[in-house]
Amino acid sequence: LCGINAEYMGHFLSVYFFSSMSKVKGTSRAVVLKDAESGKFVAAYAAYLKKAGKIELPKWVDLVKTGHYKELAPTDPDWYYVRCAAIARRLYMKPGVGVGHFRRKFGGADRRGTAPSRKTTAAGGVIRSCLQQLEKIGIVEHTPTGGRKLTKEGQRDLDRIAQQLLFPTLSTQD
């Protein structure tokens with residue numbers, strides 16, 4: 001059940017909720033994406049996207065850098081699937097955001113030699129391409145305010161992958 005652990009730290013009051021029911025078999029609620037670890041989920045969803053074969057890789061995927069501050073293109077041959085999976089996960093967590101939001105989230109430090117580093121944005125074309133591919137397979141749709149969000153089918157797919165990740169024995173019993 002839920003227990004509350006409150007401790008006073010300086011002028012902040014931090015409250016932690018511990019739930020022992022969320023990741024145990026026989027839970028009374030459905031498993032959602034927020035229950036899964038982010039790194040493991042992104043890897044599992046990227047493998048699903050690759051295996052499904054619905055995402056069409058752009059012809060420039062082995063040449064492009066993911067930001068102007070990078071020196072080389074990614075060395076992982078499946079980096080495009082990983083980026084699509086990470087974008088889908090971020091849209092689940094925060095719907096209604098656009099390319100600019102993802103450019104800031106996937107950006108990094110521009111190391112400028114002896115000058116101090118600066119935070120720079122990621123390549124917008126890569127992110128836009130990922131979003132267009134996810135739209136084409138029916139995972140993502142445009143919002144009226146200009147951003148993008150997951151479709152009901154996309155949310156169901158992500159929740160299903162999270163459930164398979166948390167409970168692998170349940171998916172093999174079918």
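Sequential numbering from 1 along the given sequence is applied to the chain's residues. Keep in mind that what you see is a predicted model, and the values were worked out from it rather than measured.
Counting only heavy atoms from C-beta outward, the side chains of Lys119 and Arg104 never approach each other to under 4.5 Å. Taking 4.5 Å as the limit, every side-chain heavy atom of Lys149 sits out of range of all side-chain heavy atoms of His142. No side-chain heavy atom of Gln133 sits less than 4.5 Å from a side-chain heavy atom of Ile139. The shortest side-chain heavy-atom distance between Tyr80 and Pro74 does not fall under the 4.5 Å cut-off. Counting only heavy atoms from C-beta outward, the side chains of Val97 and Lys105 never approach each other to under 4.5 Å. Under the 4.5 Å side-chain criterion, counting only non-hydrogen atoms from C-beta, Leu134 is not in contact with Leu150. When side chains are defined from C-beta on, Arg103 counts as touching Val99, because their heavy atoms get closer than 4.5 Å. At least one side-chain heavy atom of Asp78 sits less than 4.5 Å from a side-chain heavy atom of Tyr81.
Considering every non-hydrogen atom in both Phe167 and Val31, the closest pair reads CE1-CG2, 3.2 Å. When all heavy atoms are compared, the tightest approach of Ala46 to Ala85 is N-CB, 3.7 Å. Taking all atoms of both residues into account, the shortest heavy-atom contact from Ala44 to Ile161 is CB-CG2, 4.2 Å. The nearest pair of heavy atoms linking Ala162 to Val32 is CB-O, 3.9 Å. The shortest non-hydrogen separation linking Thr143 to Gly96 is CG2-CA, 4.2 Å. Of all the heavy atoms in Arg83 and Val126, the pair that sits closest is CG-CG1, 4.5 Å.
In this structure, Arg111 CZ and Thr120 OG1 are separated by 11.0 Å, a value rounded to the nearest 0.5 Å. Atom CD of Glu153 is separated from atom CG of Leu158 by 11.0 Å, given to the nearest 0.5 angstrom. Between the CG atom in Leu165 and the CG atom in Asp35 there is a gap of 10.5 Å [rounded to 0.5 Å]. Note that the CD atom of Gln155 and the OG1 atom of Thr151 stand 8.5 Å from one another [nearest 0.5 Å].
Tyr48 carries Arg160 over the face of its six-membered ring, with the cationic atom under 6.0 Å from the centre and within 45° of the normal. Cation-pi check for Arg89 over Phe41 is not met; the charged atom does not lie both under 6.0 angstrom from the ring centroid and within 45 degrees of its normal.
The local environment of CZ in Arg112 is crowded, with over 12 non-hydrogen atoms from other residues, nucleotides or ligands closer than 6.0 Å. Surrounding CD of Glu56 are at most 12 heavy atoms belonging to other residues, nucleotides or ligands under 6.0 Å away. In this structure, Lys59 places its NZ atom where only 12 or fewer heavy-atom neighbours from other residues, nucleotides or ligands lie under 6.0 Å away.
Asp159 has no carboxylate O lying under 4.0 Å from a charged side-chain N of Arg156, or vice versa, which leaves the two without a salt bridge. Salt bridge Glu71/Lys65: absent, no basic N to carboxylate O contact under 4.0 Å.
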Query raised in the report: Hey, mind stepping through Cys130 and Phe102 against side chain to side chain contact (heavy atoms under 4.5 Å, CB included) and telling me if it holds?
Result: CA-CA 11 Å; Cys130 288; Phe102 289 116; over 6 Å; no
Report task. Give the C-alpha distance, both sets of side-chain angles, the deciding distance and a yes or no for side chain to side chain contact (heavy atoms under 4.5 Å, CB included) between Ile55 and Cys84. Result -> CA-CA 9 Å; Ile55 288 191; Cys84 287; 4.0 Å; yes
Requested in this report: Might you work through the side chain to side chain contact (heavy atoms under 4.5 Å, CB included) test for Ile127 and Thr66, ending with a clear yes or no?
Outcome: CA-CA 9 Å; Ile127 294 167; Thr66 56; over 6 Å; no
Requested in this report: Under the side chain to side chain contact (heavy atoms under 4.5 Å, CB included) rule, what do Lys136 and Lys54 come out as? Steps first, then yes or no, please.
Outcome: CA-CA 9 Å; Lys136 197 162 92 171; Lys54 295 179 182 177; over 6 Å; no
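Note on Leu63 and Leu72: separate hydrophobic clusters, where clusters join Ile, Leu, Val, Met, Phe, Trp and Tyr whose side-chain heavy atoms are under 4.5 Å apart, directly or indirectly.
In this structure, Lys50 contributes its side chain and Tyr45 its backbone to no donor-acceptor pair below 3.5 Å. Side chain of Trp79 to main chain of Val61: a donor-acceptor pair is present (N/O by atom type, distance under 3.5 Å, no hydrogens or angles).
When only modelled atom types and interatomic distance are considered, Thr121 and Tyr69 share no side-chain donor-acceptor pair under 3.5 Å.
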